Structure formats: C-alpha cells, structure tokens
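Computed from a prediction, not measured in an experiment: that's the story for all the values here.
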Amino acid sequence: MRILVTGGAGYVGSVTVERLLAAGHAVWVLDDVSTGHAAAVPREATLTVASYTDEDRVTRLLVDNSIEAILHCAARSLVGESIREPSIYYRANVVGGVALLEAARRAGVGRIVFSSTAAVYGIPATTPITEAAPLDPINPYGETKRTFEVAMRWYGAAYGLRSISLRYFNVAGASERNGEDHDPETHLIPTILGAAASGQPMALFGDDYPTPDGTPIRDYIHVEDLANAHELALAATGVPLEPGTPPAVSLNLGTGTGFSVRDVIGAAEAAVGRPIPYSTGPRRAGDPPILVASAERARELLGWTPRRGSLAEMIGSAWRWRQAHPGGYGETR
Ligand code: UFG
C-alpha cells in the first residue's frame with residue numbers, strides 16, 4: 001500500500017514507519033519536525049518537511065504520489081500545555097485535522113487511521129475501560145482528540161471515509177532504531193531513566209491515590225506492539241471489519257494490565273541495575289488514579305495481540321536506546 005504518515009518523525013510515528021516499511025509498504029512522511037526528528041525517519045521513506053494543516057500542499061502530496069491511505073499521528077499531545085494554551089490544541093488538532101480531511105477528500109483518499117488517546121475518557125467510572133465507556137475528557141488535549149474522532153465519523157457517514165481511531169494508553173519502550181526524545185520530557189519512563197543516568201532525583205507525583213501502593217496505575221504498551229496495531233488497522237480500513245461495522249471505529253490499545261508508578265520505578269531499578277533517585281511530591285493536576293484498557297475489541301476486530309507487555313522489555317528497550325543515543329537524535333538523517 002502507498003501510505004502517508006503525518007508525524008512520522010515522532011516517537012510513535014517513526015517506529016510505525018519502520019514497521020510499515022518492513023511489511024513492504026511504500027511510505028511518505030509528512031512532518032514539520034517541530035517536535036519530531038528528521039533523523040528518526042528511515043531513508044527508505046520519503047520525508048516532506050511541512051505541516052499537515054496546509055490543505056493545498058497535502059492535496060498535491062496525496063495526488064502526486066497516488067496515496068491510498070493516511071496514518072495521522074501528528075498532533076500536539078501535552079496535557080498540561082493544552083490546559084494553558086487550548087488555542088494551540090484546537091488549531092492543530094481540530095482545525096488542522098479538518099484541513100487534512102479536506103485534502104484527503106479532494107484527493108480521493110478514503111482510508112485513515114488516527115492516533116487517539118485514552119485521554120478521551122477523562123476519569124472513568126469503571127476499569128478496565130471499554131470503548132463503550134462515556135467520553136468525558138478533562139483537558140483540551142483529550143477533548144480535541146475526541147472532536148476529531150467525531151469529525152471522522154461524520155465524514156464517514158456523508159463521504160464514505162473509512163477511519164479507525166486508535167486510543168493509545170501509555171506508550172513505552174523503543175525499537176532498536178527509534179526511541180523517545182522529547183523536549184521537554186514529561187513522561188514517566190524517560191524521566192525515570194533520565195534520573196538513573198544523571199543521578200538527579202525525579203519527582204513522584206503523589207502517593208495518596210486510592211490504589212494499593214498509593215501511586216497511580218497505568219496500562220503501559222510497547223511502542224512496537226502499537227506499531228503492529230497500526231499496520232493491522234491500516235489494512236482493516238480497506239474492507240468492513242465485520243458485517244454491519246460502521247465506517248468509523250474506535251479501538252483501545254493497551255495490554256489490559258496496570259502497573260503503579262512504584263512498580264515502574266522498581267522495574268527500572270532492575271533494568272538499569274542501580275537505585276533510581278526520587279522524591280515524593282504533590283499530585284500533578286489532572287492525573288486520574290487508574291487508567292487500564294480493555295483491549296478485547298482490538299483483539300477481535302484486528303486480530304492484534306500485544307507481545308511485549310512486560311515492564312522489563314519496555315524499560316529495557318528504552319534504556320538500551322538511551323544508552324546508544326545519550327544526546328537523543330543528532331541533526332543528521
Ligand atoms: N509521573 C510521575 N513523575 C513524572 C512523570 C509522571 O510521578 O515525572 C506519574 C504521573 O503522575 C502518572 C504516571 O507517572 O501517574 C504516568 O505519567 P505520564 O506522564 O508518563 O503519562 P500519563 O498517564 O499522564 O499520560 C499518557 C499520555 C497521554 C495519554 C495518557 C492515557 O502522555 O497522552 O497516557 O493513558 F492520554
């Protein structure tokens with residue numbers, strides 16, 4: 001298949017590009033490298049440094065390269081930033097996203113897979129979370145992702161767009177080639193590994209949650225398992241998933257197993273072979289106590305199974321990548 005990946009220079013996007021290339025697809029990457037890295041894009045993919053929000057340019061890119069399906073990973077994705085600057089999130093994730101949908105419509109591209117998030121659920125009443133749980137995001141990040149999912153549903157009903165929204169839980173780990181290099185870094189595992197490397201204590205955000213050890217529980221999923229799910233989802237946009245399936249489908253991607261922040265710190269200590277320096281501070285605003293996926297629907301509809309669900313594998317691969325790239329990505333590709 002001929003696939004355009006927006007955000008293909010980012011963390012999830014670049015590992016997915018690797019997977020798509022390995023499966024024999026032809027891949028074009030569209031990324032403005034504002035948060036991604038050109039060096040993360042394998043040479044076998046064609047990189048265009050531009051924004052997916054530029055409708056005319058994207059239309060030309062789609063037409064000129066006879067693109068058959070879009071994987072839309074590009075977005076603004078920091079919860080805290082979204083609360084401070086909702087304008088950035090609505091412009092990029094909603095207005096920009098609709099420009100991409102319009103480009104697809106003009107170019108006659110009718111298949112799209114979208115990077116959505118568990119943040120669409122807000123603070124869920126029950127766990128594990130199924131796709132039937134109410135959508136009640138508690139920040140503009142989750143709200144804008146939900147809005148775009150709904151836009152794709154209406155485009156499906158009216159224009160025949162076939163879309164699959166993949167609601168990621170907590171993505172972790174690295175491939176051999178690509179890993180996590182954010183500035184600023186806010187995610188737990190790279191922050192822990194940063195503390196291990198520097199010896200500077202990290203902050204544990206609250207130990208008074210209603211969980212067995214008092215720290216929040218999350219469902220961590222290996223980025224390579226996530227990449228496989230994208231490949232399956234792209235294939236699945238070609239045909240109805242099962243009789244009567246609507247053109248727009250949303251699927252949770254997690255392993256169904258929850259680990260606390262203390263579990264993750266313990267696993268990281270085992271992986272790096274030394275204690276992680278940390279201090280316990282107050283809660284971070286907007287952190288739900290428990291987010292664990294039911295990923296049954298993705299298993300049923302895509303035939304997807306996460307294979308690298310242990311913390312040891314996720315943290316071990318992230319640590320190996322970090323040691324191989326102590327300064328993150330360089331400037332060269
Ligand atoms: N945490 C710390 N210290 C840190 C960083 C994180 O204690 O320095 C804790 C957080 O309080 C949270 C847990 O580690 O309890 C995980 O935090 P992350 O920032 O790694 O991830 P989040 O669960 O906040 O968010 C991630 C994605 C979101 C997505 C969400 C859905 O970043 O985009 O998972 O599960 F919506």
Side-chain angles (χ1 to χ4, degrees), residues 4-7 10 12-13 16 52-53 58 69-79 82 86 88-105 109-124 128-171 219 221 226 229-230 232-238 240-242 244-254 288 291 293-298 300-302 304:
L4 178 74
V5 182
T6 74
V12 173
T16 304
Y52 66 91
T53 65
V58 177
I70 297 170
L71 172 58
H72 183 33
C73 293
R76 302 293 291 223
S77 62
L78 296 176
V79 168
S82 80
I88 295 175
Y89 281 71
Y90 277 89
R91 270 185 203 278
N93 297 357
V94 178
V95 179
V98 172
L100 178 70
L101 292 184
E102 286 301 296
R105 199 152 77 91
V109 177
R111 301 167 63 174
I112 184 164
V113 171
F114 171 56
S115 299
S116 189
T117 171
V120 297
Y121 296 111
I123 301 180
I129 306 167
T130 70
E131 291 82 356
L135 302 186
D136 193 11
I138 55 168
N139 51 62
Y141 169 59
E143 185 69 58
T144 56
K145 289 282 183 174
R146 172 175 78 160
T147 302
F148 190 71
E149 282 194 21
V150 176
M152 291 197 301
R153 198 155 75 223
W154 290 113
Y155 271 61
Y159 310 128
L161 179 73
R162 301 200 69 82
S163 68
I164 298 183
S165 294
L166 299 176
R167 295 177 178 161
Y168 307 167
F169 281 65
N170 288 60
V171 190
D219 183 336
I221 171 169
L226 203 64
H230 289 81
L232 294 168
L234 280 160
T237 54
L241 289 165
E242 55 188 22
T245 322
V249 174
S250 298
L251 301 174
N252 289 341
L253 292 182
L291 285 175
S294 162
E296 285 312 305
R297 200 161 145 76
E300 278 166 30
L301 292 186
L302 300 181
W304 172 75

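Sorted by first and then second residue, the pairs that involve residues 133-143 and meet salt bridge (charged side-chain N to carboxylate O under 4.0 Å, His left out), not counting sequence neighbours, are Glu143-Arg146.
Here CG of Leu302 is found 7.5 Å from CG of Leu253. Values are rounded to the nearest 0.5 Å. For the atom pair Leu232 CG and Thr237 OG1, the distance stands at 11.5 Å (nearest 0.5 Å). With values rounded to the nearest 0.5 angstrom, Asn93 atom CG is found 12.5 Å from Arg91 atom CZ. Leu251 CG to Ser165 OG: the interatomic distance, rounded to the nearest 0.5 Å, is 8.5 Å.
Residues passing the ring pair (Phe, Tyr, Trp, His ring centres under 6.0 Å) test with Phe169, sequence neighbours excluded: none. Every residue meeting the salt bridge (charged side-chain N to carboxylate O under 4.0 Å, His left out) condition with Arg105, not counting sequence neighbours, appears here in chain and number order: Glu102. Partners of Phe114 by ring pair (Phe, Tyr, Trp, His ring centres under 6.0 Å), not counting sequence neighbours, listed by chain and number: His72, Phe148. For Ser250, the side chain to side chain donor-acceptor pair (under 3.5 Å) partners at least two apart in sequence or on another chain are Glu149, Arg167. Partners of Ala133 according to the side-chain contact (heavy atoms from CB on, under 4.5 Å) rule, which considers only residues two or more places apart in sequence or in another chain, are Tyr121, Ile129.
Closest approach of Ile164 and Ala233 over heavy atoms only: CD1-O, 3.5 Å. Across Gly122 and Pro288, no two heavy atoms sit closer than the pair O-CG, 3.9 Å.
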